[in-house]
There are 2 protein chains.
Amino acid sequence: MRPTVYDIAAAAGVSLATVDRVLNRRPGVRLVTREKVEAAIRDIGYVRDVAAANLAKGRVYPLVFILPTGDNSFMHGLYGEVRQAMTRSTFDRTEIRIVEVPAFDPPALVAELDALQGQELAGVALVATDAPEVRAAVDRLVASGIPVVTLVSDLTGSTRHHYAGVDNIAAGRTAARLLGRFLGGRKGDITVLAGSMLVRDHRERLEGFSSVMAAEFPQLRLLPVLEGRDDPEIANTLVSEALSGSNSIIGIYSLGAGNRGLLRALKETGQGRELTVVVHELTEHTRIALLDGTIDAVLNQDAGHEVRSAIRVMKATADGQDVIAGQERIRLDIFLKDNLP
Amino acid sequence: MRPTVYDIAAAAGVSLATVDRVLNRRPGVRLVTREKVEAAIRDIGYVRDVAAANLAKGRVYPLVFILPTGDNSFMHGLYGEVRQAMTRSTFDRTEIRIVEVPAFDPPALVAELDALQGQELAGVALVATDAPEVRAAVDRLVASGIPVVTLVSDLTGSTRHHYAGVDNIAAGRTAARLLGRFLGGRKGDITVLAGSMLVRDHRERLEGFSSVMAAEFPQLRLLPVLEGRDDPEIANTLVSEALSGSNSIIGIYSLGAGNRGLLRALKETGQGRELTVVVHELTEHTRIALLDGTIDAVLNQDAGHEVRSAIRVMKATADGQDVIAGQERIRLDIFLKDNLP
DNA sequence: CGAATTCTGATGTACGTAAATCAAAAATTT
DNA sequence: AAATTTTTGATTTACGTACATCAGAATTCG
């Protein structure tokens with residue numbers, strides 16, 4: 001049988017009230033007594049029954065998800081997953097609130113973060129925009145005692161407790177190798193379509209991609225990056241122009257969102273050309289393109305896993321518990337047409 | 001505020017005792033009364049607080065994992081993950097017992113399954129050997145009211161509640177495409193190293209592999225399958241012989257365990273040849289081989305995820321609850337040297 | 001040394017559910 | 001209608017923890 005507070009009291013030779021004072025950091029316990037109790041806790045290997053404690057406390061976990069506006073499929077999916085989590089809130093004692101902020105807008109994000117200060121929150125999850133002032137705002141939030149996890153895009157150098165997202169440098173490297181190997185020694189140009197170089201995850205993907213390309217596939221030349229701002233229309237235009245302007249393009253890496261535009265360009269301008277294409281994010285569009293051969297591989301991060309992981313980590317952090325590391329590693333999914341879910 | 005049993009009682013106009021009788025299927029309630037209570041439960045949207053119920057019941061989940069003996073790395077890893085789960089047992093109210101059975105031995109497996117019959121178990125997880133008598137034994141266990149999940153290798157056609165493992169046909173297909181694409185149009189022979197064609201997961205991987213190879217890479221010819229029984233020594237011999245005997249082998253797919261032997265053969269006999277190699281299961285050996293270029297891709301299933309998923313599903317099934325489908329899908333991991341964890 | 005202060009113990013209630021007991025009220029049978 | 005059986009209600013205890021209150025003990029201070 002697992003030891004209880006009564007066992008602590010007996011082992012330490014004190015009353016239940018004193019055990020409670022120690023366990024819950026309430027005042028009015030002499031140092032010697034506290035140490036006696038803490039020793040007993042260690043000796044008998046007591047671990048608080050979180051379920052019982054939460055029941056007694058009537059505890060709920062008020063969580064906030066700060067998500068950027070934006071109408072690409074990935075963000076839609078992310079919203080959907082958070083809403084899914086909200087439907088399970090009674091079940092796991094969470095109270096989830098979504099806060100929308102304009103994308104790529106550090107001041108707006110900082111304002112929202114600061115607005116959360118005084119509130120009694122068990123955790124804040126945010127899709128970080130990479131800027132010093134955001135970093136500072138996150139650090140303020142952490143300093144005020146609120147668990148903070150970054151979602152999808154990290155904020156290195158900040159004091160955030162956890163990052164629930166993929167390793168984007170590794171993602172870029174993987175894309176490079178897939179593209180390079182799939183091209184099997186052919187010589188030619190590679191076009192990269194990004195959303196914006198202002199976002200860390202896009203920058204990191206490009207960084208990983210470029211380094212492997214340079215080191216291992218010298219016969220492939222990278223063309224200047226196209227920035228489509230995750231917008232289908234812009235992407236369509238940029239890719240169409242690029243393809244029309246050059247016959248030596250044999251591969252495309254799309255590391256951002258808004259792939260509908262890319263796909264349209266491929267269907268129209270890319271007609272009849274032999275292009276190897278690797279893109280990010282599995283959506284209904286990219287899934288179809290993968291199946292019909294327009295795309296050769298899709299790299300993906302599972303938004304559902306990211307959201308659930310973020311919630312688990314925030315709850316655990318709020319309770320001072322630790323998590324199962326392997327469970328919280330967000331993996332890079334690689335989809336070919338054969339292993340689609 | 002979430003409704004409680006008191007709210008049901010008030011809404012249905014009955015006493016708490018009657019509500020309890022209905023909720024816990026205790027006798028002594030007239031049909032009309034029961035229906036009245038059930039209606040109230042639906043109306044106010046009551047959902048039992050499982051944590052509180054478990055506390056009151058002092059409930060634990062006695063679980064059994066039936067695992068095959070075998071000294072390959074994957075099985076070691078699987079054992080390790082189950083033991084990891086055991087260390088968390090006080091925390092999640094499980095009581096896990098490991099039962100070892102000889103690998104590829106249906107009668108032994110059946111005996112163990114039948115021995116579990118009368119016991120009060122919240123669930124049984126087994127690495128299924130694919131045989132009719134095993135199927136029947138699993139069905140008996142399910143019929144006796146025990147939740148059963150298959151782990152790593154499925155038992156289709158049985159009444160098992162869930163399968164915690166990857167889609168092995170998809171895995172084989174994926175391997176074929178990776179190998180085919182990485183070979184970039186070269187013409188030659190492909191050797192397949194399996195453990196045993198008596199195991200369903202190996203058969204399925206081969207099936208998926210062969211079908212994609214035949215359909216999409218006609219320039220590649222499949223040599224007869226080598227059965228290494230997941231044993232490093234046998235695998236080494238078989239692969240060495242195959243490589244020595246033919247200069248037209250340009251690709252290898254190892255779909256089973258025991259890759260140490262394969263790697264040794266590659267280091268020795270495969271020296272200086274340009275081979276493209278895809279294997280299953282990420283171990284310390286395959287990791288190194290991936291990094292040094294001996295292997296081109298590793299397909300993997302995360303044993304930790306499989307074990308944790310199996311536990312979640314068994315608990316939920318025992319409680320008659322449902323699970324988050326997306327969370328319990330075991331994904332096929334594809335590792336290149338760039339995205340190793 | 002007595003008074004003021006700090007610490008500790010004893011006890012009760014609560015969280016939401018399970019489970020048991022016994023009495024009272026219905027429904028059913030004779 | 002009485003006797004019997006079946007349903008229902010009322011109440012209590014328990015699970016492991018949190019939290020509050022008040023009295024009594026130990027300690028510290030003047």
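In this text, all values refer to a predicted model and were calculated from it rather than measured experimentally. Below, chains carry the letters A, B, ... as their sequence lines are ordered, and counting in each starts from 1.
Here D/dA26 presents its C1' atom at 16 Å from CG of A/Leu31, a figure rounded to the nearest Å. Atom P of nucleotide D/dG16 and atom CZ of B/Phe91 are separated by 16 Å, given to the nearest angstrom. Atom CD1 in B/Ile8 sits roughly 13 Å away from atom C1' in C/dA18 (whole-Å rounding). Spacing between atom CZ of A/Arg34 and atom C1' of C/dT6 amounts to 14 Å, rounded to whole angstrom units. Distance B/Leu16 CG to C/dT17 P: 10 Å, rounded to the nearest Å. Distance A/Lys36 NZ to C/dC7 P: 14 Å, rounded to the nearest Å. In this structure, the CZ atom of B/Arg25 is 17 Å from the P atom of D/dT7, given to the nearest Å. Regarding B/Met1, its CE atom lies at a distance of 12 Å from the C1' atom of C/dG16, rounded to whole Å.
When each of C/dA10, D/dG16, D/dA18 is scored by its nearest atom to the side-chain atoms of A/Ser15, the top-ranked nucleotide is C/dA10. Comparing D/dC19, C/dG9, C/dA18 against the side chain of B/Ala53 picks out C/dA18 as the nearest. Of all nucleotides listed (C/dA19, C/dC15, C/dG16), C/dA19 comes nearest to the side chain of B/Arg26. For A/Lys57, counting side-chain heavy atoms from C-beta on, the closest listed nucleotide (D/dC19, D/dG16, C/dA19) is D/dC19. Residue B/Leu23 places its side chain closer to C/dA18 than to any other of D/dA10, D/dC15, C/dA18.
Look at A/Lys36 and A/Asp43 and you find no salt bridge, because none of the NZ, NE, NH1 or NH2 atoms lies under 4.0 Å from a carboxylate O. Using a cut-off of 4.0 Å between Lys/Arg side-chain N and Asp/Glu carboxylate O, B/Asp319 and B/Arg48 are scored as not salt-bridged.
Annotation for A/Val313 and A/Thr317: closest pair O-OG1, 2.6 Å, computed over non-hydrogen atoms. A/Thr129 and A/Leu109 make their closest contact through N-CD2, 3.7 Å (heavy atoms, listed as atom of the first residue, atom of the second, distance). Taking each heavy atom of B/Ile146 and B/Leu116 in turn, the nearest pair found is CD1-O, 3.9 Å.
An OP1 or OP2 oxygen of D/dT17 is reached within less than 4.0 angstrom by a side-chain nitrogen or oxygen of A/Tyr46. Regarding contacts with the backbone of C/dT17, every side-chain N or O of B/Arg48 stays at 4.0 angstrom or more from both OP1 and OP2. Of the side-chain N and O atoms in B/Thr18, one or more sit less than 4.0 angstrom from OP1 or OP2 of D/dG9.
For the pair B/Leu55 and B/Arg21, both in contact range of DNA chain D, the more 5′-proximal nearest nucleotide belongs to B/Arg21. Nearest-nucleotide positions on DNA chain D for A/Arg30 and A/Asp20 put A/Asp20 closer to the 5' end. Each of B/Tyr6 and A/Val32 has a nearest nucleotide on DNA chain C; the 5'-most of these lies closest to A/Val32.
Here A/Gly58 lies out of heavy-atom contact (under 4.0 Å) with every strand. Base contact: A/Ala17 has a heavy atom under 4.0 Å from a base atom. Residue A/Asn24 is in sugar-phosphate contact alone, with no base atom involved, counting any heavy-atom pair closer than 4.0 Å across all strands shown.
Residues B/Glu100 and B/Thr69 bring no donor and acceptor atom of their side chains to less than 3.5 Å of each other.
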